[in-house]
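Counting starts at 1 for both ligands and their atoms, in listed order. One is the number of the first residue; the rest follow in order along the sequence.
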Amino acid sequence: MRKILLTLSLTLILASPAFAGLNVVATLPWIGSLAKEIGRDKITVTTLVKPSQDPHYVEAKPSMILAGRKADIIMYNGLDLEIGYLPLILESSKNPRIMPGKAGNFDSSKFVRVIDKHEHVERSMGDVHPLGNPHYNFSPTNIIRVAEGMSRSLSELDRSNADFYRANYSRFAARFDEKQKQWKGANLRGRKYIAYHNLFAYLAAENGFQIIAFMEPKPGIPPSAAHIEQLIEEIKRSKPDGILVTSDHGLKEAQSLGARTGVKVIVLPQDVGAMAGTEEWFAFMDKVMSSLR
Ligand SMILES: [Zn+2]
């Protein structure tokens with residue numbers, strides 16, 4: 001009997017983690033970063049996608065399904081950016097807590113004022129995002145709304161720490177207001193850029209600059225030689241202020257176009273952690289804005 005009890009208690013110790021806080025699964029690095037700001041030591045965060053991975057083409061892995069099985073809440077970008085793996089995680093993890101409609105299913109885009117929605121999409125348009133532009137991790141005015149949404153959702157799941165989450169959000173919001181003043185000082189109004197992929201539409205709208213052309217002839221399609229020739233003509237005509245590209249996708253092509261035209265190539269992180277010194281969302285945005293200055 002004693003031996004059974006010992007075995008039983010040992011099993012319990014091994015099975016129950018020392019940490020009893022909320023288990024948060026975030027798809028993308030910026031989401032994990034925001035969750036940590038709000039949840040701090042009351043949550044553990046597992047982030048599924050690496051900062052260097054192209055978020056459009058992520059495949060589900062068994063480790064993701066395992067993470068989904070243990071999650072109290074799954075937080076994701078939405079607008080179908082995770083269409084290639086999230087439905088599979090939800091289905092295969094068989095975790096009722098994270099199913100759509102449940103408190104543990106957090107679609108960040110529900111808090112976003114979405115731009116570039118398409119009424120009608122067909123194959124010939126390339127990998128267009130039909131529900132609207134999903135790259136709002138570059139959009140401070142939307143990120144602050146997502147952060148508030150996170151504090152509400154965490155509070156709902158863990159009522160005993162609701163004040164804690166609320167206070168962390170207030171601290172986040174105060175820091176955000178300070179940062180916004182600095183970022184707004186960049187004065188990018190009227191500038192014109194070429195971008196590799198349509199990642200910067202929110203940033204352009206919020207800062208009054210324009211993306212006049214894309215290096216991708218269609219979303220998700222790498223530039224052909226003919227498209228590059230067209231871009232060179234466009235560059236001669238409109239003399240853009242720079243070519244915007246991320247450190248992980250299209251950099252070589254952008255550098256080659258920059259070398260041929262003399263237009264400055266501006267390398268931005270695509271997500272939190274994608275470049276040195278961008279390990280949390282504020283640092284990420286600082287890097288984006290200082291690179292554009
Ligand atoms: Zn995209």
Side-chain angles (χ1 to χ4, degrees), residues 26-34 47-60 75-87 107-143 146 193-207 209-224 227 231 242-254 257 265-275 278 281 284-285 287-288 291-292:
T27 53
L28 303 178
W30 73 263
I31 301 171
S33 166
L34 234 54
T47 301
L48 302 180
V49 177
K50 290 192 188 74
S52 58
Q53 271 180 285
D54 185 336
H56 302 89
Y57 304 108
V58 175
E59 284 177 17
M75 297 181 168
Y76 55 97
N77 189 98
L79 302 175
D80 278 357
L81 188 56
E82 294 102 338
I83 190 86
Y85 59 105
L86 185 59
D107 177 354
S108 306
S109 73
K110 291 272 186 294
F111 302 90
V112 170
R113 295 191 185 97
V114 178
I115 59 177
D116 298 342
K117 287 185 195 174
H118 292 267
E119 293 298 324
H120 174 72
V121 171
E122 50 187 76
R123 198 70 218 129
S124 64
M125 293 163 78
D127 284 338
V128 79
H129 298 295
L131 302 180
N133 191 308
H135 305 298
Y136 57 83
N137 54 318
F138 293 94
S139 166
T141 61
N142 283 305
I143 286 296
V146 174
Y193 295 103
I194 287 178
Y196 189 84
H197 179 69
N198 194 4
L199 289 172
F200 313 111
Y202 291 92
L203 200 60
E206 286 173 32
N207 289 281
F209 66 79
Q210 247 186 306
I211 307 287
I212 55 165
F214 296 103
M215 287 194 64
E216 291 178 332
K218 289 171 184 175
I221 311 291
S224 60
H227 184 65
L231 281 177
I243 301 167
L244 306 182
V245 67
T246 64
S247 47
D248 294 286
H249 304 286
L251 183 57
K252 250 180 31 207
E253 290 89 336
L257 183 62
V265 176
I266 301 170
V267 185
L268 304 172
Q270 66 165 359
D271 200 337
V272 168
M275 290 171 82
T278 64
W281 183 79
F284 161 80
M285 250 347 266
K287 177 76 182 167
V288 169
S291 304
L292 287 170

Please tabulate, one pair per line, all N/O donor-acceptor pairs under 3.5 Å involving side-chain atoms of residues 217-224, not counting sequence neighbours.
from, atom 1, to, atom 2, distance (Å)
Lys218, NZ, Ser124, O, 2.7
Ser224, OG, His227, N, 3.1

*asked:* Within this structure, what is the CD-CD distance for the pair Glu216 and Glu253, rounded to the nearest 0.5 Å?
replied: 9.5 Å
*Count up the protein N, O or S atoms sitting under 2.8 Å from the Zn ion (ligand 1), would you?*
4
_For the NE2 atom of His249 and the CG atom of Asp54, what is their distance to the nearest 0.5 Å?_
4.0 Å
*Sub-3.5 Å donor-acceptor pair from the side chain of Glu59 to the main-chain atoms of Tyr85, do we have one?*
no
*So which heavy atom on Met275 is nearest to which on Pro269, and how close?*
SD-N, 3.2 Å
*Any donor-acceptor pair under 3.5 Å linking the side chain of Asn198 with the backbone of His135?*
no
